[in-house]
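Just below is one structure, and these are the notes that go with it.
Below, read A as the first sequence line, B as the second, and so on, with proteins coming before strands; counting in each chain starts at 1.
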Amino acid sequence: MQLDYLGDLRRTHPCGALRVSDAGKTVTLMGWVNRRRDHGNLIFIDLRDRTGITQIVFDTDQKDVLEKASQLRHEYVIAVTGVVKVREGEMVNRKVPTGEIELAVSELRLLNEAKTPPFSPADTTLPNEEVRLKYRYLDLRRPEMQHNIELRHKVALAIRNHLSERGFFEIETPFLTRSTPEGARDFLVPSRVHHGSFYALPQSPQLFKQILMISGCEKYFQIVRCFRDEDLRADRQLEFTQIDLEMTYPQQEQVFEVVEGFVGAAWKAAGITLPPKFARMTYDQAMEQYGSDKPDLRLPGLVDVKSSFPADALTTLQLDPAMPFVAVRIPKVGELSRKERDDNKALFTKKPGPKLIDDLKRLEKSWPEAVTKIRELTKAAADDFIVLVGGAAGEAKSAAQTRVARMAVYAAAGNLRMELARKYAAKHGAFNGDLKDAASYKFLWVTDFPMFEWDEEAQRWNAAHHPFTSPHEQDMEKVLEDRDLDAVRALAYDIVLNGMELGSGSVRIHRQDVQRQIFRALGMTEEEAKQRFGFFLEALEYGTPPHGGIALGLDRIIMLLAGGESLREVIPFPKTAKAVDMMVDAPTPVEQPQEDQLELMAAFPGLGNHEWELATTADNLLKAGDAILGNATLPRQSKQELVLALLYAKAYDDSRATIRLAKSGYGLQASVLAVQVYEAALNSMIVGADNELAAVLLMTVNNDVKSLARALKYMDLNEEQRKMLEEAMAVQVIGSWPTLEERVARLPDVLRPKYEAFLPLYETYSQWQLSVLAGRVGGLTSKEWTVQLGRSNEAVAFALRVVVDYFSDVVRVVAGLFGKDPAPLEAWEKAATKVLQQV
RNA sequence: GGGGACGUAGUUCAGUUGGUUAGAACGCUGCCCUGUCACGGCAGAGGCCGCGGGUUCGAGUCCCGUCGUCCCCGCCA
């Protein structure tokens, strides 16, 4: 079809703007064909842009234009000029804002055509997420997505303006930086200039914003991208946006005021007026009243019912009188069947300690007054559902455990409360509040978090927030004297909305004596602290003002305001649960011209050119092997086929692990694992009954190990090397096969004679070969034998050579037996030989 | 790493106890239609039933594996 040029045509109005008051005007609209209704001599088209839809009309008044309009299809881009006409009577469409007018077109320019899209932005039912993400540009054309994008812009702008008006400066901090003290995995970026060193992408600008306070910036904020290399969820993406702020000389309350201010401005931008102040609650109160540090206030809290019972009742119920005993009430659930009650039991924690009493009717038989009292205390209506949670008798032993045990009971009750609330959401309706109604948003500040958490596994204290959080001034003595650490409260706070944590912050430590003491309490030595935060500790020493701040998740805020179930609804280009961008198809293996390889190699210290080439070759070999066979595609009809398929799978897994270890420079560990590859190679020869090839293989294996032995140097072992040795041994144990006898015993009868014929040969060579590396590594403890453990190019090269040499043998033998064509391997093998000969 | 749900036409879905030629709606193509607005009518095209094995006389349907998407646990403020 003939396309038109835009020429000097200008758009006079967006598609969502025209009203009756514009009647008679000659206007020009541009946009997409959203929908067409072709009546032959009368054509309606809904023209769409981000502002909305206008109906445009073509009729026989202009035959040539009508003719042209009949060619239009979904998502064609057009420009139209015409006169705005008022629609009358039946012709009005009350469903759209522009429904009282239409445009009688006199000129149509076709700016672009479109392939038939996999789905149309005008569709009423959505395709699945995969399709939406792949064709994200089509998905984003949908009015809902346009709305979310606009909402996000407006909210961010309102926050910026609000904070700017209150003296906050938006200041940028680096993306290429070093690891900050949050607990998540960092994204790492190898440095080209500094071989073997990495930048980390920030999990948050925590230390930078504190440094800005030390730098005299007084009030900082930033709407900033943060990165965390963790598994994704509906409400978690690899990269997400925080509203980050920090200020000097703050009372905790001042931070709250600032946040209440900009959150109010944000909600205002979404057309909702929030009350000026949010509720406040201490951590202990939150736990006792809701069994959660992020209480959802839309439903009734827990109610202490201990006083309802006579003293002996607790004993009869096998409850610990020192533990909490609370009622969980879910409104309007109504009668439950026996089966449903049993199902609900499964929602209760499996941990020992907390105990569930879910049958109030039975309870009523023994203590009728108690149950009446409970109904009173909980203000329960007749159709409300109530269960009780207490602490099982005899669980908490020491006084120190009591607080933990009490919290566990509350937490169990709190969890059950939310599980039941979600399950019966349709009945109580508390979660279906009107998005536009301020009452649907229950904000809450949770304050006075504990400063430390006891880590049972590591047997030490952890910082509950992060190690720069200031303790309460009243609790400072305990910190400085290193006592009662579990009772120390932090000046840390969370902002919670409808049971979701929106943000988290604290007043920070500004005195180096306190900071030093905190590190000590956390079991960090001076050196460790210096190594991780040296620059920051030094900065603290140059007159640091008291400061504090907070960070809120912008994506979550937008999601809640948009009524979305997932962050993907409010992030234009999100990633899937497996961390893939479906549109651009990231991440991808990199096509590697030599220079790029060198850059990456630089990230792996100690790996030489030749070793890198070997690693790449081995990688390609694995790919080639899998293309020919494919672990999953091997038939497994006979026992022999099963054994071969398993052998191939093992060789593949070990090869892959070997290459990974080798690339990281862990030569010896890789070598130990590589032994498993030729073990598998050997076994496949034997099962395949290719005795001659197996014998040759044994000889070359022998030579390989000998040459490795020659290459390695004798030297003393230090502490680090000893640790690596243990690691290497662990790898050996994990990767080890059953003994020879066990293996023979497992073989099908047909195969056993063949295998047994091999035993002498096998025992002479392979048994010895297998034990060579492990044995020699073991010998390291006697300080006779060593390498630069984990950093030896010789060991790396050996491991990779083993993979390259023998994995292809496995592939060839297995392919032969399964009747697959090993030809694709040949081209690769030529290339591999070349690399191998370079040694 | 573990658990669950799903995978059939471009899209959303149906497909009985395993049984003839795998269906519907929307979309697409062609023709007709001057007041529709999720327009309507007639005709038509469109399927590796995700992929690989197995069981069976016979598999979209049963079994095993694998890949992908979503949700949850672990992990992560």
When you match A:Lys575 and A:Phe449 each to their closest nucleotide on RNA chain B, which lands nearer the 5' end? A:Lys575
Name the closest nucleotide to the A:Ala234 side chain, picking from B:rC70, B:rC71, B:rC39. B:rC71
Whole-Å P distance, B:rU61 and B:rG52: 13 Å
Could you pick out which residue, A:Thr125 or A:Ala463, lies toward the 5' side of RNA chain B when each is mapped onto its nearest nucleotide? A:Thr125
Yes or no on side-chain contact (heavy atoms from CB on, under 4.5 Å) for A:Phe278 and A:Leu497, after CA distance, side-chain angles and deciding distance? CA-CA 10 Å; A:Phe278 303 156; A:Leu497 170 54; over 6 Å; no
Name the nucleic acid region contacted by A:Ile53, choosing base, sugar-phosphate or nothing; use a 4.0 angstrom heavy-atom cut-off, strictly under. nothing
Out of B:rA77, B:rC71, B:rC70, which nucleotide sits closest to the side chain of A:Ser566? B:rC71
Separation between the C1' atoms of B:rC6 and B:rA45, rounded to whole Å: 29 Å
Return no unless some side-chain N or O of A:Arg48 is found under 4.0 Å from OP1 or OP2 of B:rC37. no
Considering only the C1' atoms, how many Å lie between B:rA25 and B:rU8, rounded to the nearest integer? 15 Å
A:Glu501 side-chain proximity, nearest of B:rU69, B:rC71, B:rA77: B:rA77
Length of the line joining A:Leu238:CG and B:rC75:C1', which is rounded to integer Å: 13 Å
If pairing means Watson-Crick or G-U wobble with both distances under 3.5 Å, then the partner of B:rU55 is none
Distance in angstrom units between A:Leu66 CG and B:rC33 P, rounded: 11 Å
Should the heavy atoms of other residues, nucleotides or ligands under 6.0 Å from OH of A:Tyr135 be counted, would the total exceed 12? no
Which nucleotide in B:rC33, B:rC75, B:rA77 has an atom nearest any side-chain atom of A:Gln203: B:rA77
What's the closest nucleotide to the A:Arg37 side chain, out of B:rC39, B:rG68, B:rA77? B:rC39
Send over the distance from A:Glu102 CD to B:rU34 P, rounded to a whole Å. 16 Å
Donor-acceptor pair present, A:Glu90 side chain and B:rU36 base, under 3.5 Å: no
Any donor and acceptor pair, going by atom type alone, linking the side chain of A:Arg489 with main-chain N or O of A:Asp448 inside 3.5 Å? no
Which whole number of Å gives the distance between the C1' atom of B:rA24 and that of B:rG68? 26 Å
Roughly how many Å is it from CZ in A:Phe227 to P in B:rC75, rounded to a whole number? 24 Å
Name the nucleic acid region contacted by A:Val92, choosing base, sugar-phosphate or nothing; use a 4.0 angstrom heavy-atom cut-off, strictly under. base
Pairwise C1' distance, B:rG44 and B:rC37 [rounded to whole Å]: 27 Å
Mind checking who B:rA9 pairs with, Watson-Crick or G-U wobble, both distances under 3.5 Å? none
Which whole number of Å gives the distance between the C1' atom of B:rG47 and that of B:rG60? 11 Å
May I ask whether A:His39 stacks on the base of B:rU36, given the cut-offs of 5.5 Å between ring centres and 30° between planes? no
Could you tell me how far B:rC57 sits from B:rG18 if I compare only their C1' atoms? Round to whole Å. 12 Å
Closer than 3.5 angstrom, by distance alone: can the side chain of A:Thr241 be matched with the main-chain N or O of A:Asp555 as a donor-acceptor pair? no
Between C1' of B:rA38 and CD1 of A:Ile45, the distance in whole Å: 16 Å
With a 6.0 Å cut-off on ring centres, are A:Phe221 and A:Phe262 close enough? no
Under a 3.5 Å limit for both distances, which nucleotide forms a Watson-Crick or G-U wobble pair with B:rU21, could you say? none
Taking 4.0 Å as the cut-off, does a side-chain nitrogen or oxygen of A:Asn93 come that near to OP1 or OP2 on B:rU36? no
NA contact type, A:Glu130, heavy-atom cut-off 4.0 Å: base, sugar-phosphate, or nothing? sugar-phosphate
Searching all strands shown, indicate the nucleotide that pairs with B:rU66 (Watson-Crick or G-U wobble; both distances under 3.5 Å). B:rG50
Phosphate oxygens OP1/OP2 of B:rU69: is one of them under 4.0 Å from a side-chain N or O of A:Arg132? no
What nucleotide among B:rC70, B:rU34, B:rC37 has an atom nearest to a side-chain atom of A:Leu42? B:rU34
Indicate yes or no: does A:Lys294 engage A:Glu501 in a salt bridge with an N to O separation below 4.0 Å. no
Which donor-acceptor pairs under 3.5 Å do side chains of residues 90-97 of chain A form with protein atoms, sequence neighbours excluded?
from    : atom 1 : to      : atom 2 : distance (Å)
A:Asn93 : OD1    : A:Lys95 : N      : 2.9

Could you tell me which residues satisfy side-chain contact (heavy atoms from CB on, under 4.5 Å) with A:Leu126, sequence neighbours excluded, listed by chain and number? A:Arg132, A:Asp139, A:Arg142
Among the nucleotides B:rA77, B:rU69, B:rG35, which one has an atom lying closest to any side-chain atom of A:Lys578? B:rU69
Does A:Thr124 have a side-chain nitrogen or oxygen under 4.0 Å from the phosphate oxygens OP1 or OP2 of B:rA38? no
Pair A:Tyr220 and A:Phe208, ring centroids less than 6.0 Å apart: no
A:Lys115 NZ to B:rU11 P, straight-line distance once rounded to whole Å: 13 Å
What is the distance, to the nearest angstrom, from the CE atom on A:Met91 to the C1' atom on B:rU34? 11 Å
What I want to find out is whether A:Glu230 reaches A:Arg236 closely enough, with some N-O distance under 4.0 Å, to be called a salt bridge. no
Between A:Phe119 and B:rU11, do the rings stack, that is, sit under 5.5 Å apart with planes less than 30° off each other? no
Are more than 12 heavy atoms, taken from residues, nucleotides or ligands other than A:Lys423, located less than 6.0 Å from that residue's NZ atom? yes
Re B:rG40: Watson-Crick or G-U wobble partner, both distances kept under 3.5 Å, found to be B:rC32
Under 3.5 Å, is there any donor-acceptor pair linking the side chain of A:Arg568 to the base of B:rC70? no
Rounded to whole angstrom units, what separation is found between the CE atom of A:Met582 and the P atom of B:rG68? 10 Å
OP1 or OP2 of B:rU34 versus the side-chain N and O atoms of A:Asn41: is any pair under 4.0 Å? yes
In the 5'-to-3' direction, what one-character label does each nucleotide of nucleotides 22-30 of chain B receive under the scheme B = base within less than 4.0 Å of a protein heavy atom, S = sugar-phosphate only, - = no such atom? -----SSSS
Taking the side chain of A:Ala184 as its heavy atoms from C-beta onward, which of B:rU12, B:rU69, B:rA77 lies nearest to it? B:rA77
What nucleotide among B:rG1, B:rC39, B:rU69 has an atom nearest to a side-chain atom of A:Asp231? B:rG1
Given B:rC70, B:rA77, B:rC75, the nucleotide with the shortest approach to the side chain of A:Arg236: B:rC75
Determine the interatomic distance between C1' on B:rC64 and the same-named atom on B:rU55; round to the nearest Å. 10 Å
Is the backbone of A:Ser506 close enough, under 3.5 Å, to the side chain of A:Tyr493 for a donor and an acceptor to pair up by distance? yes
